[in-house]
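Start at 1 and go down the list; that is how both ligands and their atoms are numbered. Model, not experiment: these values are computed from the prediction. Just so you know, these numbers use all the heavy atoms, side chains as well, and skip hydrogens, waters and symmetry mates. Residue numbers run from 1 in the order of the sequence given.
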Amino acid sequence: MTGAFVVSLDLELMWGVRDKRTVTSYGDAVLGERQAIPGMLQRFAANDIRATWATVGMVFARDRRDLLNHAPALRPAYADANLSPYGALEDLIGSDEGVDPLHYGRDLVAQVAATPGQEVATHTFSHFYCLEPGQTIAAFEADLEAARAIASGEGLSLRSIVFPRNQMTPEHIAAAHRQGIDCYRGNPGTYAYRSRSGAENSAMVRATRLLDAVVPLDGAHGYQLREVAEGPFNIPASRFLRPYVRKAPAFSALHLRRVMGEMTEAARKGLMYHLWWHPHNFGRNTEQNLAMLDRLLAHFQMLKREHGMASASMGDLAERRLSAAAGT
Ligand SMILES: [Zn+2]
């Protein structure tokens with residue numbers, strides 16, 4: 001079996017960061033997605049890269065009324081009320097994409113959907129946190145139902161999910177399956193990457209992941225896909241692509257080398273290598289980040305020529321598994 005390079009992006013605008021950052025501190029990076037996304041799409045198209053864009057449902061909304069019409073009646077009652085975006089809907093966001101490009105992104109979704117090989121997937125409707133106290137499975141399922149409805153209004157059906165903050169449990173995965181999802185992005189298999197709530201995500205755990213981004217602390221992250229008898233297919237992340245750090249270009253160079261080394265190993269051994277990031281990570285230093293992507297894609301082209309490495313979205317892998325199961 002030849003290796004595959006899987007790419008997924010969490011398209012969330014401010015909805016993915018609103019509890020940690022403000023429009024003042026991070027709005028420029030989110031606005032920068034408007035340049036970064038077309039830049040990525042153009043490179044993906046030129047290199048035949050098939051990528052999954054896990055998109056927050058609220059990003060699809062035409063305007064505030066559309067957003068409120070799609071919002072589920074059953075909403076997560078997090079113990080930490082700041083985690084819920086619903087309080088902000090009435091007065092903290094603008095009326096539509098024209099006046100508030102930090103919260104609405106229907107135009108971006110349309111650009112993704114119009115680019116060959118790109119899969120529009122879900123990152124839940126409200127950037128739902130499955131491990132935060134106060135949430136329930138019923139609220140999660142209502143959230144996914146809303147995500148499905150707003151996407152289907154654009155003629156898109158969702159088959160893949162990326163769980164916000166990579167928080168998930170088997171019960172949430174089963175609920176996603178009931179909502180028509182047949183694959184999800186799991187976490188890398190080692191300790192530092194397991195599914196955690198915000199409170200459990202200690203400085204030590206984060207430092208371990210940071211170090212592992214540049215030196216092989218726990219080996220290369222390529223893997224063989226594991227068959228499951230039923231339920232959604234796990235397509236674990238191999239690595240988060242860290243954005244370019246202007247103050248530490250040597251760190252960025254080492255990180256890129258680590259990622260390319262892991263891609264090479266996956267291609268040689270016929271493994272999966274699943275790289276992910278957020279478009280807002282490219283929203284600052286966009287030129288340097290796109291240059292980094294150019295180097296990665298040139299490396300992929302070399303691996304494709306020499307080892308037959310393929311590009312696949314999460315949905316492609318799920319589709320392949322379903323057709324294999326059906327014997328076609
Ligand atoms: Zn997110």
Under 2.8 Å from the Zn ion (ligand 1), how many protein N/O/S atoms can be counted?
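Of the protein's nitrogen, oxygen and sulfur atoms, 3 lie under 2.8 Å from the Zn ion (ligand 1).
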
Could you name each residue pair satisfying side chain to side chain donor-acceptor pair (under 3.5 Å) that touches residues 41-55, not counting sequence neighbours?
R43-D294, N47-Q301, R50-D316, T52-E119, W53-Q118

Do any pairs count as a salt bridge (charged side-chain N to carboxylate O under 4.0 Å, His left out) and have a residue in residues 122-145, sequence neighbours left out, and if so which ones?
E141-R178

Looking at F125 versus H127, is the centre-to-centre ring distance below 6.0 Å?
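Between H127 and F125, which both carry aromatic rings, the centre distance is not below 6.0 Å.
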
Can you confirm if the aromatic rings of W277 and F240 lie within a centre distance of less than 6.0 Å?
no

Partner set under salt bridge (charged side-chain N to carboxylate O under 4.0 Å, His left out) for R165, not counting sequence neighbours
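R165 satisfies salt bridge (charged side-chain N to carboxylate O under 4.0 Å, His left out) with D19 only.
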
Reported CG-to-CG distance for the pair N289 and L241, which is rounded to 0.5 angstrom:
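Rounded to the nearest 0.5 Å, the CG-CG separation comes out at 7.5 Å.
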
